[in-house]
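Input: a single structure, listed below in structure tokens.
Heavy atoms only: backbone and side chains are in, while hydrogens, waters and symmetry mates are out.
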Amino acid sequence: MSPGNFALAGLFVLIWSSAFTSARFVVLEWPALWALAIRFLLTAPLVAAIILGLRGHIRLPRRGDAGRLALMGAFGTGGYLGCGWFALATTPSGLVALISATAPLFVAAGERIFFGRRLTPRAWAGLALGWIGVALLGYWRAAGGLSAAETTGILLSIAGALSQAIGILAYAQVRGRVDAWTSTLGQSMTAGLVLLPVAWLVEGPAPTAISLTAAAGMAWSILVVGLAGYALFFTLMKRLPPSTAAALQLLSPPVAALLGWALLSERLLPGDILGGLVTLIGLALLFSAKRA
């Protein structure tokens with residue numbers, strides 16, 4: 001990897017990791033679903049403006065592709081982040097990041113069950129290690145005494161990873177036909193529209209006031225994570241093998257844990273670190289098996 005690509009990769013990991021920390025700053029003050037719905041509805045016009053600036057028009061996907069893109073937005077983006085942001089209100093951001101990273105395990109299992117994709121022995125080993133890591137994490141947390149809120153947060157994080165996997169599996173067959181920015185626009189619009197009524201039903205009326213800290217967290221989530229983060233990812237996808245670019249996301253959970261410790265005074269238990277490490281090793285095996 002050239003020095004330029006190495007620097008871009010490091011910046012991407014830092015930005016991707018900060019998503020959970022910046023979101024926690026928001027959800028500690030605002031209702032999580034409202035905050036996320038507003039984030040998506042503010043992001044969509046910004047993405048549309050970027051598309052218009054780059055090519056002068058928005059290319060609409062075909063009807064069948066649009067349906068799969070909508071499923072990606074509803075489950076892979078809205079459901080995934082909705083569960084994650086809701087969990088962040090009661091659960092350390094580093095722990096949520098670690099659990100959310102299990103989405104590829106669900107994707108690999110779904111590919112085997114629904115698409116008949118054969119897994120290599122290395123992939124099976126990666127799946128096994130990944131779930132052992134999650135089990136270890138849950139065991140040590142339970143042994144140390146879990147509050148009801150923290151238990152809910154952990155379960156929501158797992159549900160979010162499963163939701164993201166559903167969205168990815170639905171979108172997999174059209175990813176070569178729908179460009180990245182159009183996908184980002186469609187996902188943002190769908191996720192915002194899906195979350196809006198859910199937020200109203202679950203959390204009541206929209207919040208009307210926001211502190212400077214929460215506003216800064218929201219701005220970071222939209223501009224730095226939502227726009228710059230994806231732009232960097234697309235750039236790396238062009239410069240590096242896709243599997244290498246995807247594997248960079250494995251570095252995000254430990255960096256997110258460090259950011260949570262430094263900025264939010266969060267504490268991770270030894271079992272969190274051990275379980276997270278085992279899970280990340282399993283994910284690394286899974287990614288390397290896909291390259292084989």
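- Take Val194 and apply the side-chain contact (heavy atoms from CB on, under 4.5 Å) test, not counting sequence neighbours, and it matches Ala74, Thr190.
- In the model, Tyr171 has a side-chain atom that pairs as donor or acceptor with a side-chain atom of Ser183 under 3.5 Å.
- Considering only residues two or more places apart in sequence or on other chains, Trp261 meets the ring-ring contact (aromatic ring centres under 6.0 Å, His included) condition with none of them.
- Although no hydrogens or angles enter the test, the distance criterion places no donor-acceptor pair under 3.5 Å between the side chain of Arg122 and the main chain of Leu285.
- Among residues two or more places apart in sequence or in another chain, the side-chain contact (heavy atoms from CB on, under 4.5 Å) test is passed with Ala159 by Cys83.
- Note on Arg62 versus Asp65: salt bridge recorded, some NZ/NE/NH1/NH2 to OD/OE distance being below 4.0 Å.
- Within a 6.0 Å sphere centred on CE of Met218, heavy atoms belonging to other residues, nucleotides or ligands number more than 12.
- Residues that satisfy the ring-ring contact (aromatic ring centres under 6.0 Å, His included) test with Phe106, not counting sequence neighbours, are Trp131.
- Side-chain N/O atoms of Ser157 and Ser100 include no donor and acceptor closer than 3.5 Å.
- By the side-chain contact (heavy atoms from CB on, under 4.5 Å) test, Leu223 is found to be paired with Leu46, Leu227, residues two or more places apart in sequence or in another chain being considered.
- Taken together through direct or relayed side-chain contacts under 4.5 Å among Ile, Leu, Val, Met, Phe, Trp and Tyr, Leu258 and Trp220 form parts of separate hydrophobic clusters.
- Exactly one of Val96, Leu33, Val26 qualifies for a side chain to side chain contact (heavy atoms under 4.5 Å, CB included) with Trp85. That residue is Val26.
- Residue pairs that meet the side chain to side chain donor-acceptor pair (under 3.5 Å) test with at least one member in residues 26-42, sequence neighbours left out, are Glu29-Ser211.
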